[in-house]
2 protein chains.
Amino acid sequence: MLKLTKKADYGLIAMRHLAENSDLGACSSKDLADLYSIPQEALAKILQKLVKAKLLASQQGTNGGYVLARDPRLISALEVIRAIEGPLFITSCSSAKGDCSQSDRCTVREPLRKVNRTIEEVLSKLTVWELTESPEQSPVELVTLQQ
Amino acid sequence: MLKLTKKADYGLIAMRHLAENSDLGACSSKDLADLYSIPQEALAKILQKLVKAKLLASQQGTNGGYVLARDPRLISALEVIRAIEGPLFITSCSSAKGDCSQSDRCTVREPLRKVNRTIEEVLSKLTVWELTESPEQSPVELVTLQQ
DNA sequence: AAATCTCCGACTTATTTAGTCGCATATTGA
DNA sequence: TCAATATGCGACTAAATAAGTCGGAGATTT
Ligand code: FES
Ligand code: FES
């Protein structure tokens, strides 16, 4: 249904928090989990993936935790999402090689690639830094959205 | 994982086919299913949804079938997808009212709305007619995609 | 040495998606 | 008229994915 998973959501939340509070030093996964009511173990695994993708740096031991590996202005939402969920595809067949029985007869997969590329572009232009700039939702915006 | 469901895929395939073969008169769900190796019953339900959404017109009885309700140039991929899958949201919380436990603390839902709107825009500009214009995938494009 | 925290994999459960079945109803054509 | 062919509709099962849980190993600081 074209939804981002919660894992990606959690990852973005964590990245945003670290970007906002970079001056406070490392932040543990437990603290992050508590702050946003995210299951600790679930978040821990997500953070680990982000470390592997070199978007975060981890510091073990007492008072350890996670820090952004780069300037948040240089980290895109796409990188975060991809690190957590893997490559994203809008089509049912995830790769060029057909996954589903209709792959050879599917007439819309290629046209949808364009859409896919646009989405990737948008997400790659949205930086973690920009996430921190986005304030709470204004009521006006809410109304506009409902239609 | 930001994927379109197969139902949407099937729906788009059917719409494209009807747009391409509008001169041949109505096309039955069975014929469509056979043509693209789609389970008949599954496709039938999808087509029914499209009829309800007034994107298709159905004709019952012998030699009956489905026809586009409008000029394919005036039907967007977004309409088709929405008719089949309902409103699409990229965020985990599908609506403004929080669905998940983190809804009140989620700091990235609003920023992602912008992305969501962009996707909707792209899909609303992609017409069923344009789908028919898109040919088989060229090898060149394939290579470009892989990176 | 103890406390704290990261790291990792296997596991269970919940939710969504995909596909199936059976029957009702409408329309055409011989 | 009546049988064949078509859509319409709901409930159902099975498969795939997502979400969350558990237990324990290893690293670092105090
Ligand atoms: S993408 Fe696999 S059948 Fe269309
Ligand atoms: S969208 Fe629900 S927690 Fe972020």
Side-chain angles (χ1 to χ4, degrees), chain A residues 1-11 13-14 18 25-34 36-53 56-67 69 81 84-86 88-89 91-94 99-103, chain B residues 1-11 13-14 18 25-34 36-54 56-67 69 81 84-86 88-89 91-94 99-102:
Chain A
M1 209 234 247
L2 200 55
K3 237 191 305 188
L4 231 48
T5 61
K6 281 208 173 184
K7 291 182 186 177
D9 201 25
Y10 293 161
I13 292 176
L18 292 174
C27 187
S28 77
S29 74
K30 189 180 179 306
D31 287 348
L32 279 169
D34 287 347
Y36 297 99
S37 309
I38 301 173
Q40 300 176 22
E41 297 85 0
L43 180 61
K45 279 198 296 189
I46 292 165
L47 295 175
Q48 284 156 30
K49 280 189 181 176
L50 292 174
V51 171
K52 267 190 187 165
L56 287 182
S58 74
Q59 193 178 347
Q60 289 191 332
T62 314
N63 292 328
Y66 295 92
V67 201
I81 293 170
I84 297 169
E85 308 207 38
L88 62 84
F89 287 101
T91 47
S92 306
C93 292
S94 54
D99 280 359
C100 47
S101 46
Q102 293 80 25
S103 58
Chain B
M1 211 232 248
L2 201 54
K3 237 191 305 187
L4 231 47
T5 61
K6 280 207 172 183
K7 290 183 186 178
D9 202 25
Y10 293 161
I13 292 175
L18 293 174
C27 187
S28 76
S29 75
K30 188 178 179 307
D31 288 349
L32 279 169
D34 287 347
Y36 298 99
S37 309
I38 302 172
Q40 301 176 19
E41 297 84 359
L43 181 61
K45 279 197 297 189
I46 293 165
L47 295 175
Q48 283 157 31
K49 280 189 184 179
L50 292 174
V51 170
K52 267 192 188 166
K54 300 192 176 169
L56 287 183
S58 74
Q59 192 179 345
Q60 289 190 332
T62 314
N63 294 325
Y66 295 91
V67 199
I81 294 171
I84 297 169
E85 309 208 35
L88 62 84
F89 287 101
T91 46
S92 306
C93 293
S94 54
D99 278 359
C100 48
S101 47
Q102 292 81 24

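Labels below follow one simple rule: chain letters A, B, ... track the order of the sequence lines, proteins then strands, and each chain is numbered from 1.
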Test item: B:Leu47 and B:Leu56 side chains (from C-beta on) under 4.5 Å apart, heavy atoms: yes

So which atom in [X] and which in [Y] form the shortest heavy-atom distance, rounded to 0.1 Å?
X       : Y       : answer
A:Leu32 : A:Ala14 : CD1-CB, 4.2 Å
B:Ala33 : B:Pro39 : CB-C, 4.4 Å
A:Ala44 : A:Tyr66 : O-OH, 4.3 Å

Rounded interatomic separation in angstrom, taking [atom1] from [X] and [atom2] from [N]:
X       : N      : atom1 : atom2 : value
B:Tyr66 : D:dT5  : OH    : P     : 17 Å
A:Ile46 : C:dG9  : CD1   : C1'   : 16 Å
A:Leu4  : D:dT17 : CG    : P     : 17 Å
A:Lys49 : C:dG9  : NZ    : C1'   : 12 Å
A:Glu85 : D:dA19 : CD    : C1'   : 12 Å
A:Asp34 : C:dC5  : CG    : C1'   : 14 Å
A:Leu32 : C:dT6  : CG    : P     : 9 Å
B:Gln40 : D:dA6  : CD    : P     : 10 Å

If I take atom [atom1] from residue [X] and atom [atom2] from residue [Y], how far apart are they, to the nearest 0.5 angstrom?
X       : Y       : atom1 : atom2 : answer
B:Lys30 : B:Leu43 : NZ    : CG    : 12.0 Å
B:Phe89 : A:Leu4  : CZ    : CG    : 14.0 Å
B:Lys45 : B:Gln40 : NZ    : CD    : 13.5 Å
A:Leu18 : A:Cys27 : CG    : SG    : 6.0 Å
B:Ile46 : B:Ile38 : CD1   : CD1   : 7.0 Å
B:Asp34 : B:Ser28 : CG    : OG    : 8.0 Å

Taking only side-chain nitrogens and oxygens of [X], does any of them come within less than 4.0 Å of OP1 or OP2 of [N]?
X       : N      : answer
B:Ser29 : D:dA6  : no
B:Tyr10 : C:dG19 : yes
B:Ser58 : D:dG8  : yes

Of A:Ser28 and A:Glu41, the one whose closest nucleotide on DNA chain C sits nearer the 5' end is A:Ser28

Identify, between A:Thr62 and A:Ala44, the residue whose nearest nucleotide on DNA chain C lies closer to the 5' end. A:Thr62

What nucleotide among D:dA19, D:dG8, C:dC8 has an atom nearest to a side-chain atom of A:Gln48? C:dC8

Which nucleotide in C:dT6, C:dG19, D:dG8 has an atom nearest any side-chain atom of A:Gln60: C:dT6

Distances for protein N/O vs nucleotides 10-12 of chain C N/O pairs under 3.5 angstrom?
{"unit_1": "C:dA10", "atom_1": "N6", "unit_2": "A:Lys45", "atom_2": "NZ", "d": "3.1"}

Result for 5'-nearest mapping on DNA chain D, choosing between A:Lys7 and B:Gly61, is B:Gly61

Bend angle of the helix from C:dA1-D:dT30 to C:dA30-D:dT1 from five-pair axes at both ends, rounded to 10°? 10°

